[in-house]
Amino acid sequence: MSVTESTEKAIEELHKINKKYTCFVTTTEDYARKRANELTISKKKGALHGIIISVKDNICTKGIKTTAGSAILSNYVPTYNATVIERIEQEGGIIIGKTTMDDFGFGTFNVNVGEGIPIPKNPHDISRSSGGSSGGSGAATAAFSSNSTVAERLAPTHLSLSESTGGSITSPAAFCGVVGFTPSYGRVSRYGLIDYANSLDKIGTMGKTVSEAEQLARVIFGKDAKDETSLVVQEKPAKKVKKVAIIKEMLQGVDEKILTAFWKSIELTGIPYEEISLPSLEYAVASYYIIATAEASSNLSRYTGLRYGAQEEFSGSFNDYFSSIRSKYFSAEEKRRIILGTFVRTAGYKDKYYLKALKIREKINHDFHILFKKYDALLSPSMPIIAPKFDEISKLKPIEIYALDSCTIPPNLALLPHLSIPIGKVNSMPVGLQVICDSLDENTLFEFGKQIESLVKYK
Ligand code: GLN
């Protein structure tokens, strides 16, 4: 099939998928056709030649609306591309649309969206969430057809670019039964990513298999002069994984049936493991929500109705104008995080909350560092529950939702690379296995991930 033909086929599929699962905020058919023509004319064949790419809507795309899932940015059209977008285009990837997400990444179920922004549905059961905050990417990755399997690693047809601060790639990947890859902090440039929490944000990938997620990741890896926190990495060959650790604290609160599926998959891999305890993880969720909201509340101060997004007729004083815009366009969850984040870094309280959270983060980083001297990888369930129904989510309190990040927050807080790999089903819904490796050791992570994937699927 020519690139023009495969793009037309993908556009047709895109319409069907989006009608059923509402996973896109914006679809970019004309842009995709134009790119397909350009690729046909140019003789160059890049690493993503003709592959359809969907992009989480907090990654800036020149001339294409980028909302970050928030009503305050519902009409924002960036004048530049994020570095990851430039790299994808250089390698021949074709961007087909922007996927829906929780506003600014604030959520686990993709239900915290601004007015006019769709809530995606889980392709395995449309009465359930597709996870969050990258719920649109998860649903799209599960729904697009593919001829690439674990056994025959053919060229993928669709891949998705997503982002995680505290678990936003793992949650939708696990709930939708696809592979989600979150890189080490600094491996991928954040230039052009709309900030949630700068010290935690990482752009990653999703695909049907580990190889697919890796293929897109390899294109976006690398130092970028436009992002000072991006790193030059000396590639080391993948280690052979001889011993792994399972951390007891990351099994707490996990649904019994998911635990059974988890232990069964460990047995299938036959990898020697030790069960250990990391007591500092008890404070991981609390520490994350203090640090993440402190940074988010500061980042969100730029949305005042003057420079970006929502604007109205200016009247009264600046304070009145800013307040009216922010009151009107920020959602309940955005306001909750601004209030919490501002509080924890207020002069009188910062020692008690923000600085203490930073110390806990340091301690957790240190503890992981020691673990990787003894173990080659860590394993846990990806999420403590299967994808919940929308009517169940509406009954949960914010603090109960935050607590469901107990498996995903540890590697995100410690900036460690991790994968979520589908391992089976519980009550007809997919469940995932989370694999964590040492910082910047993506090579081991991908190789080990592929090994697990084939052992678990084919036994
Ligand atoms: N659920 C977490 C939060 O709401 C993580 C989201 C993310 O990684 N963007 O902060």
Side-chain angles (χ1 to χ4, degrees), residues 10-11 13-29 31-32 52-61 64-71 73-74 76 82 84-85 88 93 95-126 128-144 158-165 167-182 193-194 196 201 203-208 213 216 331 333 387-388 390 393 420 430:
I11 291 172
E13 211 181 351
L14 167 79
H15 290 149
K16 279 192 205 141
I17 289 172
N18 204 27
K19 214 167 151 196
K20 277 203 216 145
Y21 311 121
T22 55
C23 38
F24 287 88
V25 182
T26 308
T27 55
T28 56
E29 301 83 344
Y31 181 75
I52 297 301
I53 314 283
S54 62
V55 178
K56 186 173 180 177
D57 210 21
N58 58 353
I59 298 171
C60 287
T61 39
I64 301 170
K65 199 174 74 172
T66 301
T67 67
S70 175
L73 285 177
S74 60
Y76 174 57
V84 288
I85 300 296
I88 286 173
I95 290 158
I96 206 162
K98 304 294 293 290
T99 58
T100 182
M101 56 180 285
D102 284 295
D103 35 28
F104 292 100
F106 301 159
T108 311
F109 303 124
N110 209 151
V111 293
N112 301 328
V113 294
E115 209 181 303
I117 293 169
I119 293 175
K121 300 182 180 104
N122 194 311
H124 295 267
D125 174 355
I126 57 166
R128 294 177 187 269
S129 161
S130 62
S133 65
S134 317
S137 284
T141 307
F144 263 103
H158 162 269
L159 298 171
S160 197
L161 199 57
S162 48
E163 177 274 339
S164 172
T165 307
S168 277
I169 298 177
T170 295
S171 151
F175 287 170
C176 295
V178 298
V179 172
F181 163 65
T182 310
L193 171 69
I194 297 176
Y196 167 174
D201 297 344
I203 297 179
T205 65
M206 285 190 202
K208 297 243 193 219
L216 184 56
S331 69
E333 189 62 26
F390 291 112
I393 297 171
S420 177

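- Among residues two or more places apart in sequence or in another chain, the ring pair (Phe, Tyr, Trp, His ring centres under 6.0 Å) test is passed with Y196 by F106.
- Contact between A32 and I95 at its shortest, heavy atoms only, is CB-O, 3.8 Å.
- When all heavy atoms of A10 and I52 are compared, the pair lying nearest together is CB-CG1, 3.5 Å.
- The aromatic rings of F144 and F24 sit perpendicular to each other, their planes meeting at more than 60°, with 30° as the lower class boundary.
- Checking side-chain atoms of N58 against main-chain N and O of T67 turns up no donor-acceptor pair under 3.5 Å.
- In this structure, OG on S74 lies 6.5 Å from CD1 on I117, to the nearest 0.5 angstrom.
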Using side chain to side chain contact (heavy atoms under 4.5 Å, CB included), reason through F390 and I119 one step at a time and then give a plain yes or no.
CA-CA 10 Å; F390 291 112; I119 293 175; 3.7 Å; yes
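- Considering CE of M206 and OG1 of T170, their distance stands at 8.5 Å, rounded to 0.5 Å.
- Taken from CG in L193 to SG in C60, the straight-line distance is 8.0 Å, to the nearest 0.5 Å.
- Using a distance-only test at 3.5 Å, with no hydrogens or angles considered, a donor-acceptor pair links the side chain of D102 to the main chain of N112.
- Within the 3.5 Å criterion, the main-chain N or O of E163 finds a donor-acceptor partner in the side chain of S134.
- Between S129 and A387, the shortest heavy-atom contact is O-CB, 3.3 Å.
- Contact of the V84 side chain with the V55 side chain is not registered, since no non-hydrogen atoms from C-beta on lie closer than 4.5 Å.
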Check the pair T205 / L159 against side chain to side chain contact (heavy atoms under 4.5 Å, CB included), numbers first and verdict last.
CA-CA 8 Å; T205 65; L159 298 171; over 6 Å; no
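- G207 and V178 make their closest contact through O-CB, 3.5 Å (heavy atoms, listed as atom of the first residue, atom of the second, distance).
- Side-chain contact check for T27 and E29: at least one donor-acceptor pair (N or O, by modelled atom type) lies under 3.5 Å.
- With sequence neighbours excluded, the residues forming a side chain to side chain contact (heavy atoms under 4.5 Å, CB included) with P123 are Y21, A139, A142, A143, C176, listed by chain and number.
- One side chain, S137 or T99, offers a donor N or O that lies under 3.5 Å from an acceptor on the other.
- Of the possible donor and acceptor atoms, one in the side chain of T28 sits under 3.5 Å from a partner among the backbone N and O of I96.
- Considering I393, N122, T108 as possible partners of P388, the one that fulfils the side-chain contact (heavy atoms from CB on, under 4.5 Å) test is I393.
- Looking at every heavy atom in both residues, A140 comes nearest to S54 through CB-OG, 4.3 Å.
- Taking the salt bridge (charged side-chain N to carboxylate O under 4.0 Å, His left out) definition, one finds that E13 meets it with nothing, sequence neighbours left out.
- The NZ atom of K56 sits 3.0 Å away from atom OG of S133, with the distance rounded to the nearest 0.5 Å.
- Summarising the geometry, atom CG belonging to L216 is positioned 5.0 Å from atom CD1 belonging to I53; distances are rounded to the nearest 0.5 Å.
- Under a 3.5 Å cut-off, the side chain of T66 and the backbone N or O of I64 do form a donor-acceptor pair.
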Steps toward side chain to side chain contact (heavy atoms under 4.5 Å, CB included) verdict (F181, I169):
CA-CA 7 Å; F181 163 65; I169 298 177; 5.8 Å; no
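- Taking OG1 of T100 as the reference point, atom NZ of K98 lies at 11.5 Å (rounded to 0.5 Å).
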